[in-house]
Amino acid sequence: MSENGESPHPVVIAGAGIGGLTAALALHRQGHEIVLFDKVSQLSEVGAGLQLSPNACAVLKDLGVLDALQPFAYAPERLRIWSGVSGEQISHVALGSFIKQRHGNPFWVIHRADLQRVLLEQVQATPGISVRLGTEVLDLISTPYDSMVCNFQDDDGVGKLNCKALIGADGVWSKTRQMVPSHENAQFSGQVAYRATLPIDQVPARWTTDSGLWLHRNSHLVHYPIRGGRELNIVALVEEPWSDQTWSAKADKETVLHVFKDWPAEIRNLLGLPSNWLKWALCSVDASGPWAHGHMTLLGDAAHAMLPYMAQGAAMAIEDAAILAKHLPADVENIPAALRSFERQRKPRASRIQGIARRNARVFHFSGAPAFARDTVLRFSKPEKLAARFDDIYGWSPEL
């Protein structure tokens, strides 16, 4: 309550995904009332596994949710890199205890739904944050007073809510991004990800502990345990056109096996185990485009959706949330200036990591002489040196 007894105008967040939920917790801790909108009527288990590197864990630890995530996470001791042509191991990257000691926070792999659920439970347990599902932001209108009006649509029709700012955390197909002049639409990358999970007891023992990265011509494959080691997450990525009318669709086992028909038998056997597959069009949003406009800003995939070849999409949204909160203390006087300052601070890092992911997409899919050169460098590189290449990414913390 304000000094005159009136409720303060809230910050509205569009999108109850990982970025939006983290932003709600971080902004509330700064003293803001939060209203979180999401157009879905029920938050369901979407997506599959993701990686929580130490930079993301630093924020989650600061917000008090890391301990609650631990039962659902898995800390692989290493990332084994294999040839998808010969089936031989090329190298490995030190993770686990090496990363924890080096950066002070763990390197975890986790199911996206588990991360979202733990964040949502924390949000719902926090007075001063309200979640409204089945509600979509329509626009943000200036008023002659020290507030804005957020127009929204729900089952009861069009409503209005006075607020102090709007945060667009509504993902790669963001509607709030359309409110930012000169915004960039998401672009299809020409690559598709086939995703599946299966119980770990159905998996050959050699795939049940470490993470795996397999490299092949115009394709690659990643697998790692999730849900505390109880399931295996498989992501098979390939360069191919997209013909479905939506950006995600079901896929059958025969299609996946046909796409990876030239791979080693042991990988084809692994791909034949899951009964249910989904395929996703891999799309990106240019991070160099505008994020902030007046009393609103974008964060996470809405601002800079990136290809998964550095496994930093969720981590960048989590980082965004922490830094946005630092730019918006409860007594902030000039919100548009604060949001522009947030964009200036975050854009260089998001753009650089987006560029690394694009470069990895090319390197992972090399063939011929470039693939031979890549594999030779990997073979003669120490596991700790390979891990240290990412110090500037993994060593980030909200205090830096």
Side-chain angles (χ1 to χ4, degrees), residues 12-20 23 37-40 46-47 50 112 135-141 150-153 165-193 195 237-249 278-321 324 336 339-340 342-344 346-362:
V12 172
I13 300 175
I18 292 168
F37 289 151
D38 200 293
K39 65 181 181 180
V40 301
V46 296
L50 59 82
R112 179 179 295 273
T135 306
E136 185 173 14
V137 171
L138 299 177
D139 55 31
L140 187 69
I141 306 298
C150 177
N151 293 322
F152 61 87
Q153 175 85 44
L166 170 64
I167 311 303
D170 47 346
V172 63
W173 302 111
S174 170
K175 293 291 184 67
T176 55
R177 189 168 60 237
Q178 299 174 13
M179 304 178 200
V180 180
S182 302
H183 76 279
E184 293 285 340
N185 291 323
Q187 299 294 320
F188 175 52
S189 67
Q191 302 185 37
V192 169
R195 302 175 184 268
L237 304 101
V238 63
E239 297 176 16
E240 67 175 47
W242 187 265
S243 57
D244 292 273
Q245 295 185 2
T246 60
W247 292 105
S248 65
L278 290 175
K279 64 176 180 176
W280 299 74
L282 298 181
C283 302
S284 63
V285 175
D286 188 354
S288 66
W291 301 7
H293 177 64
H295 284 71
M296 73 160 294
T297 190
L298 308 172
L299 63 73
D301 282 355
H304 49 66
M306 55 187 67
L307 299 179
Y309 298 97
M310 192 57 225
Q312 285 292 300
M316 288 300 101
I318 291 169
E319 285 187 16
D320 283 351
L324 175 64
L339 298 181
R340 291 194 300 270
F342 158 73
E343 178 181 349
R344 285 194 301 270
R346 288 297 299 164
K347 184 175 286 185
R349 179 169 168 85
S351 296
R352 185 171 61 82
I353 294 175
Q354 190 176 66
I356 293 171
R358 285 195 297 264
R359 184 168 66 251
N360 285 347
R362 296 190 298 272

Practice problem: For the pair N151 (side chain) and D139 (backbone), establish whether a donor and an acceptor sit closer than 3.5 Å, ignoring hydrogens and angles. | Solution: no

Self-check item: Flag, side chain of E184 to backbone of G289, donor-acceptor distance under 3.5 Å
Solution: no

Quiz prompt | Q354 side chain to V285 backbone, donor-acceptor under 3.5 Å | solution = yes

Self-check item: Distance (rounded to the nearest 0.5 Å) between R358 CZ and I353 CD1
Solution: 12.0 Å

Practice problem: Quick one: pull up NE2 in H295 and SG in C150 and give me the separation to the nearest 0.5 Å. | Solution: 13.0 Å

Exercise. Give, for atom CG of L299 and atom CG of L324, the distance between the pair rounded to the nearest 0.5 Å.
Key: 6.5 Å

Pair up each side-chain donor or acceptor in residues 310-319 with any protein partner under 3.5 Å, not counting sequence neighbours, and list the distances.
{"from": "Q312", "atom 1": "OE1", "to": "N55", "atom 2": "ND2", "distance (Å)": "2.9"}
{"from": "Q312", "atom 1": "NE2", "to": "S53", "atom 2": "OG", "distance (Å)": "2.8"}
{"from": "E319", "atom 1": "OE1", "to": "R346", "atom 2": "NH1", "distance (Å)": "2.8"}
{"from": "E319", "atom 1": "OE1", "to": "R346", "atom 2": "NH2", "distance (Å)": "3.0"}
{"from": "E319", "atom 1": "OE1", "to": "R349", "atom 2": "NE", "distance (Å)": "2.7"}
{"from": "E319", "atom 1": "OE2", "to": "N55", "atom 2": "ND2", "distance (Å)": "2.8"}
{"from": "E319", "atom 1": "OE2", "to": "R349", "atom 2": "NE", "distance (Å)": "3.4"}
{"from": "E319", "atom 1": "OE2", "to": "R349", "atom 2": "NH2", "distance (Å)": "2.9"}

Exercise. Using the side chain to side chain contact (heavy atoms under 4.5 Å, CB included) rule, take L50 and I18 through it: C-alpha gap first, then chi angles, then the decisive distance, then the call.
Key: CA-CA 11 Å; L50 59 82; I18 292 168; 3.7 Å; yes

Quiz item: How long is the span from the CG atom in N185 to the OG atom in S174, to the nearest 0.5 Å?
Solution: 10.0 Å

Quiz item: Quick one: does R177's side chain have a donor or acceptor within less than 3.5 Å of a partner on D170's backbone?
Solution: no

Quiz prompt | Contact summary for L307 and A361, nearest pair of heavy atoms | solution = CD1-CB, 4.4 Å

Quiz item: Parallel, tilted or perpendicular for W242 and W247, by the 30°/60° rule?
Solution: parallel

Self-check item: Where A357 and Y309 come nearest, the two heavy atoms and their spacing
Solution: O-CB, 3.3 Å

Quiz prompt | Separation of E239 CD from S189 OG (nearest 0.5 Å) | solution = 8.5 Å

Quiz item: Are side-chain heavy atoms of C283 and Q187 found at a separation under 4.5 Å?
Solution: no

Exercise. May I ask you to decide if L278's main-chain N or O and R195's side chain share a donor-acceptor pair within less than 3.5 Å?
Key: no

Exercise. Count the heavy atoms belonging to other residues, nucleotides or ligands that lie under 6.0 Å from NZ of K175, then report whether that count exceeds 12.
Key: no

Quiz item: Side chain of D38, backbone of A16: donor and acceptor closer than 3.5 Å?
Solution: yes

Quiz item: Can you name the nearest heavy-atom pair linking P181 to P290, along with the distance?
Solution: O-CG, 3.3 Å

Quiz item: Is there side-chain contact between L237 and V192, with heavy atoms separated by less than 4.5 Å?
Solution: no

Quiz prompt | Worked check of side chain to side chain contact (heavy atoms under 4.5 Å, CB included) between L166 and M179 | solution = CA-CA 11 Å; L166 170 64; M179 304 178 200; 4.0 Å; yes

Quiz item: Hey, are the side chains of F342 and D320 touching, using non-hydrogen atoms and a 4.5 Å cut-off?
Solution: yes

Exercise. List the atom of F188, the atom of E240, and the distance in Å for their closest heavy-atom pair.
Key: CZ-O, 3.6 Å

Self-check item: Rounded distance (nearest 0.5 Å) linking atom NE2 of H293 with atom CG of L339
Solution: 11.5 Å

Quiz item: So which heavy atom on I13 is nearest to which on A169, and how close?
Solution: CG2-CB, 4.2 Å

Quiz item: Taking R340 for the side chain and A292 for the main chain, is one N or O donor matched with an acceptor at less than 3.5 Å?
Solution: no

Quiz item: Does F37 offer a backbone N or O that forms a donor-acceptor pair with the side chain of T135 under 3.5 Å?
Solution: no

Quiz prompt | Heavy-atom pair with the smallest gap, counting every atom of V137 and A14 | solution = CG2-CB, 3.9 Å

